[in-house]
There are 2 protein chains.
Amino acid sequence: MPTPPSAKTPAKAKETGREASSGPAKGKRVGIREIASKAEVSVATVSMVLNNNPKITASTRQKVNRVVKELGYRPNRIAQSLSSKYTNIIAVLMPTLRHTMADPYFGELISGICDKAARLGHKVMLEHAKPDFVREKRHVDLFDRRYIDGVMCIGFSDKHTFLRDFADGGHLAMMVNNVATDMDLDYVVCDYASGAEQVMTYLSQLGHRKIGMIHGAPDVWTMRQMMEAFRARLVQDSGGVADGVMVDGRFTEEHGYAAACRLLDKHPDTTAIFAGNDKMALGALHCAAERGLRVPGDVSIVGSDNIQYAAFVNPALTTVNTPLYDAGMLACERLVERIRGRKEPVAEVLPTHLVLRQSTGIVRQNGVAEPAE
Amino acid sequence: MPTPPSAKTPAKAKETGREASSGPAKGKRVGIREIASKAEVSVATVSMVLNNNPKITASTRQKVNRVVKELGYRPNRIAQSLSSKYTNIIAVLMPTLRHTMADPYFGELISGICDKAARLGHKVMLEHAKPDFVREKRHVDLFDRRYIDGVMCIGFSDKHTFLRDFADGGHLAMMVNNVATDMDLDYVVCDYASGAEQVMTYLSQLGHRKIGMIHGAPDVWTMRQMMEAFRARLVQDSGGVADGVMVDGRFTEEHGYAAACRLLDKHPDTTAIFAGNDKMALGALHCAAERGLRVPGDVSIVGSDNIQYAAFVNPALTTVNTPLYDAGMLACERLVERIRGRKEPVAEVLPTHLVLRQSTGIVRQNGVAEPAE
DNA sequence: CTGAAAGCGCTTACAG
DNA sequence: CTGAAAGCGCTTACAG
């Protein structure tokens, strides 16, 4: 247990009189029966009023609501869940990357999910798919033990075959900004293929012919979309006009940095780098800076996702805007629809667009990279 | 509803035969009574085995556990919660900043909380304290409606007086990386005062005398700690040797950028800038770059928190490492202790240390800033 | 050490 | 349109 290293330690909180762990509040919580008796109706009627059952007269409704307000009655959600079919909780399930929550990519998705869920009266529960979590089938437990009504899956790839268990068990799951190949799961995804095409068109217009790509794991469906678009464009532009190489940057700054270094070592004639996400693009930017390469003077760099930081690096990053927050919102909305009875599977694609900033420019004249200044 | 703008639209998921919304799985879920009858004991015994009640014989325990395993029995958590005093869920409550979840600061805290909670068998629920949320006292509802056993509060300031409601209602709340002045709440916080002192000592050693600070809202306790340390050091070093000014950067890159510009406009002789968090430091870095000021040649810049990006900007940022992830872990651990009966209030301070990188250097010789090159 | 019973606080058919 | 009763699936005193 760490001790205050500084003299400016906050004053010790006083021992409080309140019974810290002696359960739900002081006094007897008011329950549905008190409301019923005070309103002179049955508990069934109170319940129906609370649930906006249309069978109830406006007058009884008023009468009950008045008492509810008077006594400050708040129905016990646990009891409601036990009696009804729903918990009104959805889970957000994600892989255990290093401090996942601190990632702006996941953050945007989750922000969208949370905001929409709150509006729809649902709570959201956070869950990490650690190895033992999966091994012990605790992802299924989320449903079997009645924690949740549905689950949103973010950050997974085709390798995460345990996701099948959801469909197999008849449980409601939604892929957010990804598609699970052959798993028959609902999804809402941004149009990464189009984003990559826009990047390639733009770079081509700027005169770039020697283009490198820093990609992430290709078992991620969206990444595959980008890689295929990259390759397809190279083929299409070929006849010798375009050339490209691909290196793995594993979605992180660190590996994006290393990938960029490798790329520039092997192909010093590279004039543009397309990174599969902004973090790898930042890594590439770092590599360029370290080598004294001017961006975009010597090499143009493009990212993808348009995370918050993309606008605040030097030079500001040209990138593909993928509406992550909106994807989170829509996915949540659709999942709740499913929970409420929607039968048709969900398969939505959100448009993407290029955001031009300072990290891209027309191709340099001489074909060989040389230090700036 | 957006339509696929690209040709590469994923194949439509097939309409599935499964009953999407017809409730918990197929077939009758196995309950505690089935286990009881198959194991030839009472349900009470099964329950006690499940809860590791020491009163149960090893042999009955075995017998029951075998059946539990055989039938793959998973106790219904809702029913458990209704009967017992606990939900085994804690909430993480935070203000509604722009896409809060995408913020690395909050992300680190939440990552720590989640990881520890999972290890302790607790689920975590995410909650945003929007204006109407607070107005309708829904933060109290979290307890009154039995959603949660305790709440972790992150990102709040002294202005958020609604936090008093927790202590007033006898509910378990924990401030994470902050202290609620006069609110009598448990807390776990990093030692920001010491961090700021280390920064000032270091800058002083480098010869800096004209130091500016970009701070955030002073009603945030931790920020006040830093500001006081900054001021105290200036006074201590005075007799004309040190001078400083403070501008508000509101915790964001944008305002940090603006604040740095204002600072450098008014005080062009500033040789070092201490920003209250890394985001504002990045804004300052951006401002310097835009003006052609070399960092650290013309001006040194220091941040605080050591978020992931701090190492990947140009130049890499010197900053104070505040162990946010650890703070989240410890806060979670302590909150669960409280839930389980701990009586003493929690008041922990975690040590911080300076991380030296490229954005700081010895003071420039001439006292006036001039464009680089 | 184990069992029978009451109860947690709601909702939902089923009567009236 | 409303009420009395059963039930959701557990845990917890209370007897034995």
Side-chain angles (χ1 to χ4, degrees), chain A residues 22-25 27-65 67-68 71-88 141 143-147 149, chain B residues 22-25 27-65 67-68 71-88 141 143-147 149:
Chain A
S22 65
K28 191 89 177 71
R29 297 226 65 264
V30 22
I32 198 172
R33 22 198 351 154
E34 283 89 301
I35 305 300
S37 69
K38 285 244 161 63
E40 299 179 300
V41 296
S42 74
V43 294
T45 303
V46 176
S47 173
M48 288 168 140
V49 170
L50 257 30
N51 294 296
N52 291 314
N53 190 316
K55 286 192 257 183
I56 303 293
T57 331
S59 66
T60 17
R61 183 178 303 279
Q62 269 195 330
K63 189 170 53 174
V64 171
N65 278 330
V67 180
V68 164
L71 302 193
Y73 169 62
R74 317 267 62 196
N76 181 322
R77 182 96 270 288
I78 303 287
Q80 289 182 316
S81 297
L82 187 60
S83 299
S84 78
K85 217 166 48 180
Y86 307 109
T87 64
N88 283 7
D141 267 16
F143 288 95
D144 285 351
R145 301 197 57 193
R146 304 242 23 233
Y147 275 107
D149 295 333
Chain B
S22 66
K28 190 90 176 70
R29 299 226 65 264
V30 22
I32 199 172
R33 22 198 351 154
E34 282 92 302
I35 305 300
S37 69
K38 284 243 160 62
E40 300 178 301
V41 296
S42 74
V43 294
T45 305
V46 176
S47 174
M48 287 167 140
V49 169
L50 259 29
N51 294 297
N52 292 313
N53 190 316
K55 288 192 255 181
I56 303 292
T57 331
S59 66
T60 16
R61 185 178 301 281
Q62 267 196 332
K63 192 170 52 174
V64 171
N65 277 329
V67 180
V68 165
L71 302 194
Y73 169 64
R74 317 267 62 195
N76 180 321
R77 184 96 265 288
I78 303 288
Q80 290 183 314
S81 297
L82 187 59
S83 300
S84 79
K85 215 167 48 180
Y86 307 109
T87 65
N88 283 7
D141 268 15
F143 288 95
D144 285 350
R145 301 197 55 193
R146 304 240 24 232
Y147 274 107
D149 295 333

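Naming convention: chains lettered A, B, ... in sequence-line order (proteins, then strands); numbering from 1 in each chain.
At the heavy-atom level, B:Ile56 lies under 4.0 Å from the strands shown only through sugar-phosphate atoms. Among the atoms of the strands shown, none is found under 4.0 Å from any heavy atom of A:Ser81.
Partners of A:Val43 under the side chain to side chain contact (heavy atoms under 4.5 Å, CB included) rule, at least two apart in sequence or in another chain, are A:Ile32, A:Arg33, A:Ala36. By the side-chain hydrogen bond (donor to acceptor under 3.5 Å, both in side chains) test, A:Asp141 pairs with B:Arg74, sequence neighbours left out. Looking at residues two or more places apart in sequence or on another chain, you find a side-chain hydrogen bond (donor to acceptor under 3.5 Å, both in side chains) between A:Ser42 and A:Thr45. Remark: A:Thr87 pairs with A:Ser81, A:Ile89, A:Arg146, A:Asp149, B:Ile78 by the side chain to side chain contact (heavy atoms under 4.5 Å, CB included) rule, at least two apart or across chains. Residues passing the side-chain hydrogen bond (donor to acceptor under 3.5 Å, both in side chains) test with B:Ser84: none are found, sequence neighbours excluded. For A:Thr57, the side chain to side chain contact (heavy atoms under 4.5 Å, CB included) partners two or more places apart in sequence, or in a different chain, are A:Ser59, A:Thr60. By the side chain to side chain contact (heavy atoms under 4.5 Å, CB included) test, B:Asn51 pairs with B:Ser47, sequence neighbours left out.
Whole-Å rounding puts the B:Tyr86 OH to C:dC8 C1' distance at 15 Å. The interatomic distance linking B:Leu82 (CG) with C:dC8 (C1') rounds to 4 Å, in whole Å. Rounded to an integer number of Å, the gap from B:Glu34 CD to D:dC8 C1' is 13 Å. Atoms CG (A:Asn53) and C1' (D:dG3) sit 14 Å apart, rounded to a whole Å. Rounded to whole Å, atom P of D:dC8 lies 12 Å from atom CZ of A:Arg146. Note: CZ (B:Arg77) to P (C:dC8) measures 18 Å, nearest angstrom.
Projected onto DNA chain C by closest heavy-atom contact, A:Ile78 and B:Glu40 fall at different nucleotides, the more 5' of which corresponds to B:Glu40.
Between A:Arg61 and A:Pro54 the shortest heavy-atom distance is NH2-CA, 4.2 Å. The minimum heavy-atom distance linking B:Glu34 with B:Val30 is given by the pair OE2-CA, 3.5 Å.
Pairs of Watson-Crick or G-U wobble type, with distances under 3.5 Å, assemble into runs of 3 or more in DNA chain C at these ranges: C:1-3 with D:14-16, C:5-12 with D:5-12, C:14-16 with D:1-3.
In this structure, of C:dT2, D:dG3, D:dG9, it is D:dG3 that holds the atom nearest to the side chain of A:Val41.
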A correct 5'-to-3' footprint of nucleotides 10-16 of chain C, with B, S and - meaning base, sugar-phosphate only and no protein heavy atom under 4.0 Å, is BBB----

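Considering only side-chain N and O atoms, A:Thr45 lies under 4.0 angstrom from the phosphate OP1 or OP2 of D:dG3.
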